[in-house]
Amino acid sequence: MKQKEVITSEKIPIKKTKSSRCIRYNKKKKLKKQTKLSHKKVDISSIIFNPLKHRIQSATRGLCTFDKIHYLKNEWLSIPLCASDQISSKEIKTKYNITTRDLLIETLIREAKFNNDDILEIPSKFLILIETDIINKINLMNKKRQLWIEFGRWLGLKEPIRRRNVHEHLRLKWKKLKHAMGVQNNIKLQNTQKTINTHITRNKKTKLILLARENIQSLNGLINFYHMIKPECIVDLNNRTLVHLENIDNQAVVMQATNAINDYYFHTLKHPSHRSDNFWENFIEHFGAYTRNNLLPFTSSNTASTHNSEHEKCVNNLLCELIPLSDCINKFVQVYYPDLYTKLSKLEWGPFAPKIFGVFPMIAVNFNTISDYHWDEHDNPNCLCILIALGNFDGGELCFPQLKIIIPLRPNQIVAFSSRLLLHGNLPVKRGIRHSIVYFVHSSFFHNLRDFTKVYSDFENGIERNAKGKIILKPVARQNLKDARNFYQPIKLTKAKLKQIRIPPVSTDCRRKYINLRKTRKGLKAEEEDLISDTE
Ligand SMILES: O=C(O)CCC(=O)C(=O)O
Ligand SMILES: [Fe+2]
């Protein structure tokens, strides 16, 4: 029988503890002060999407070449980040000589577990294949045909399974994991941006996996992991931060953000027409300024609520409620990473997108879901992302298999780490609902990491292009780049579309690859999983 959809909403109560009247009084006073601070007046118009001023992606596309160059030169400014920007001012640091780990095994177990929850280990006959053919590249592929097919089946690959496909599947995984070896071997990370990029994307994505095998092969292997609980800054041999955990001493700010995300999440579940593709497919939304796959920065579609203008007020409310938390996160960067902060505060992305989160152009919000192991490959490798987990939950620990570090991140903590260089993912949530917010900066925001030759050569050659990038012969009129009137036609949905209701066949975000979203779609807590019927 189909169970009724359960949608619960939780407000985080202020914890009542037995304390003396004096302590209680002081606590109350502190909370009152914090709450007052967190409600300080802000100019909301600069924080929310303003269709008269800001532009979504399509509205940045039809500009004339002159306007594009003008925007690049005068409105969008960036100072290149360098490796030393990740050196923290924290006095006591823990140096880590990272050992290589068997991440491949860990990843494969996760993949196989998706189809068969009982799997804890990888059979040794498959390990041999990995060892010989993938790691040592001794080609036994033709000799063990049946075993490869069996391996593919164990992994849950689609039938019909061919040994060549299984081999390729593993080879690609191996290549990707080798990526992280750059951090492992600590190879001259302080050198130029170019070195880091070439190094990481081409050659050194190697052994990570191998040494980790014994430790991560079974879930028991996690016992060997270092549990990072208290504030601590773990750095590489060049003193660059790998993982930095700090407490947030402001309960009110955390409560305000948690309640806002809960409200937003449950409201959106309840009103299907409010669901964006990202929300319903992957339970992640990105707010703020984007510039990936686009010449110029623009306002993200989630910020502008392009799918339904009726949802706009929900977004605006959420963004306003996150301001105090964003202030806290900015303060953290300013205190511990002053060079990074200074450079980021000089990053301007111009009038096309609002400045919502202080020095960070954008955030990602993960709603009641965890992330599979991944690298955030578009993040600037010289920047740190800042992550906070919100909600009332147990489990969902953040795990860095390369470093063998597990962080049972609590809502009063933040963690800064190099999301581009370190593989990371979550352990399952055991109880309650866990959301998370990530503050990050994409590489594409930095001019030194972009290639603008095409638009400059268009300029020199007097070429104009249409929104699709095709050369056109007609002249294109110049625009007032600060005036976006008439560029945005809001869509008002009164009724949900099919794709806002139907369960999507796949998640389109790599972070959700092997993550089950059933309880997330129902607004359920982890322990309520059994309320979902098997037929769904
Ligand atoms: O929720 C978490 O702990 C991890 C989130 C994350 O890594 C991401 O959104 O990229
Ligand atoms: Fe991430």
Side-chain angles (χ1 to χ4, degrees), residues 103 107 110 176-177 179-180 183 200 222 225 227-229 241-246 248 254 257-258 261-262 265 278-279 281-288 290 292 300 302 322 325 329 357 360-381 383-403 405-430 432-443 507-517 519-520 526:
L103 270 182
T107 317
R110 215 170 233 253
K176 205 164 164 83
L177 289 166
H179 180 89
V183 188
I200 284 168
L222 294 174
F225 276 56
H227 284 240
M228 197 168 167
I229 291 160
T241 292
L242 291 166
V243 182
H244 182 174
L245 182 69
E246 285 295 334
I248 299 187
V254 175
T258 312
I261 293 190
N262 270 331
Y265 168 61
N278 284 334
F279 183 87
E281 276 167 13
N282 305 309
F283 288 90
I284 188 166
E285 287 197 337
H286 294 92
F287 298 105
Y290 238 76
R292 230 184 90 202
S300 84
N302 292 149
L322 292 182
L325 176 68
I329 305 263
F357 312 108
F360 289 92
M362 59 194 327
I363 62 165
V365 182
N366 296 297
F367 298 97
N368 189 16
T369 179
I370 51 167
S371 293
D372 206 344
Y373 288 113
H374 66 281
W375 285 278
D376 293 292
E377 285 174 352
H378 302 291
D379 289 2
N380 186 313
C383 197
L384 297 165
C385 82
I386 319 285
L387 170 72
I388 180 159
L390 299 169
N392 186 358
F393 64 89
D394 293 331
E397 295 86 344
L398 181 65
C399 185
F400 296 95
Q402 288 161 274
L403 308 176
I405 289 176
I406 283 188
I407 308 184
L409 195 62
R410 300 314 305 160
N412 66 341
Q413 296 181 313
I414 51 177
V415 58
F417 63 96
S418 175
S419 40
R420 169 76 177 261
L421 302 178
L422 295 176
L423 186 71
H424 57 284
N426 302 107
L427 299 185
V429 174
K430 295 202 188 89
I433 285 182
R434 179 191 190 271
H435 309 292
S436 68
I437 310 183
V438 194
Y439 290 72
F440 62 96
V441 190
H442 276 167
S443 297
S507 293
T508 48
D509 193 304
C510 71
R511 283 166 280 209
R512 304 290 175 262
K513 211 166 174 196
Y514 297 109
I515 303 293
N516 197 329
L517 291 170
K519 65 174 179 3
T520 309

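Counting from 1, the numbers follow the sequence of the chain as shown. Whatever order the structure lists them in is the order used to number ligands and atoms, beginning at 1. Scope of the values below: all heavy atoms of this structure, side chains included, with no hydrogens, waters or symmetry mates. Quantities reported herein were computed from a predicted structural model and do not represent experimental measurements.
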Would the H435 and Y265 ring centres measure less than 6.0 Å apart?
yes
What protein heavy atom lies closest to atom 4 (C) of ligand 1? Include the residue and the distance to one decimal.
N426 OD1, 3.7 Å
Proximal atoms of ligand 1 relative to H424 (non-hydrogen, under 4.0 Å)
7 (O)
Apply the test side chain to side chain contact (heavy atoms under 4.5 Å, CB included) to residues D376 and H442: give CA-CA distance (whole Å), side-chain angles for both, the deciding distance (0.1 Å), then the verdict.
CA-CA 9 Å; D376 293 292; H442 276 167; over 6 Å; no
For atom 1 (O) of ligand 1, the closest protein heavy atom turns out to be S436 OG, 2.7 Å
Give the residue, atom name and distance (to 0.1 Å) of the protein heavy atom nearest atom 9 (O) of ligand 1.
N366 ND2, 3.0 Å
R511 NZ/CZ over F283 ring centroid, <6.0 Å and within 45° of normal:
no
Is the Fe ion (ligand 2) under 2.8 Å from any N, O or S atom of H374?
yes
Take I406 and L427, measure what side chain to side chain contact (heavy atoms under 4.5 Å, CB included) needs, and give me the verdict at the end.
CA-CA 9 Å; I406 283 188; L427 299 185; 3.9 Å; yes
Ligand 1 atoms nearer than 4.0 angstrom to some heavy atom of R511 are 8 (C), 9 (O), 10 (O)
Taking the ring of F440 and the ring of H378, is the distance between their centroids below 6.0 Å?
no
Please assess N366 against S436 for the test side-chain hydrogen bond (donor to acceptor under 3.5 Å, both in side chains), listing each intermediate value before the final yes or no.
CA-CA 5 Å; N366 296 297; S436 68; 2.9 Å; yes
Considering only heavy atoms of L398, which atoms of ligand 1 have at least one such atom less than 4.0 Å away?
3 (O)
Parallel under 30°, tilted from 30 to 60°, perpendicular over 60°: which one fits the rings of F400 and H424?
tilted
Find all atoms of ligand 1 within a distance of less than 4.0 Å from any non-hydrogen atom belonging to R434, and give their numbers and elements.
1 (O), 2 (C), 3 (O)
To the Fe ion (ligand 2), the closest N, O or S atom belonging to D376 is OD2
Is the closest heavy atom of S371 to ligand 1 under 4.0 Å?
yes
Going by side-chain hydrogen bond (donor to acceptor under 3.5 Å, both in side chains), N282 matches just one of D509, T508, T520. Which one?
T508
Mind checking whether D376 contacts ligand 1 via backbone (N, CA, C, O), side chain (CB onward), both or neither, at a 4.0 Å heavy-atom cut-off?
side chain
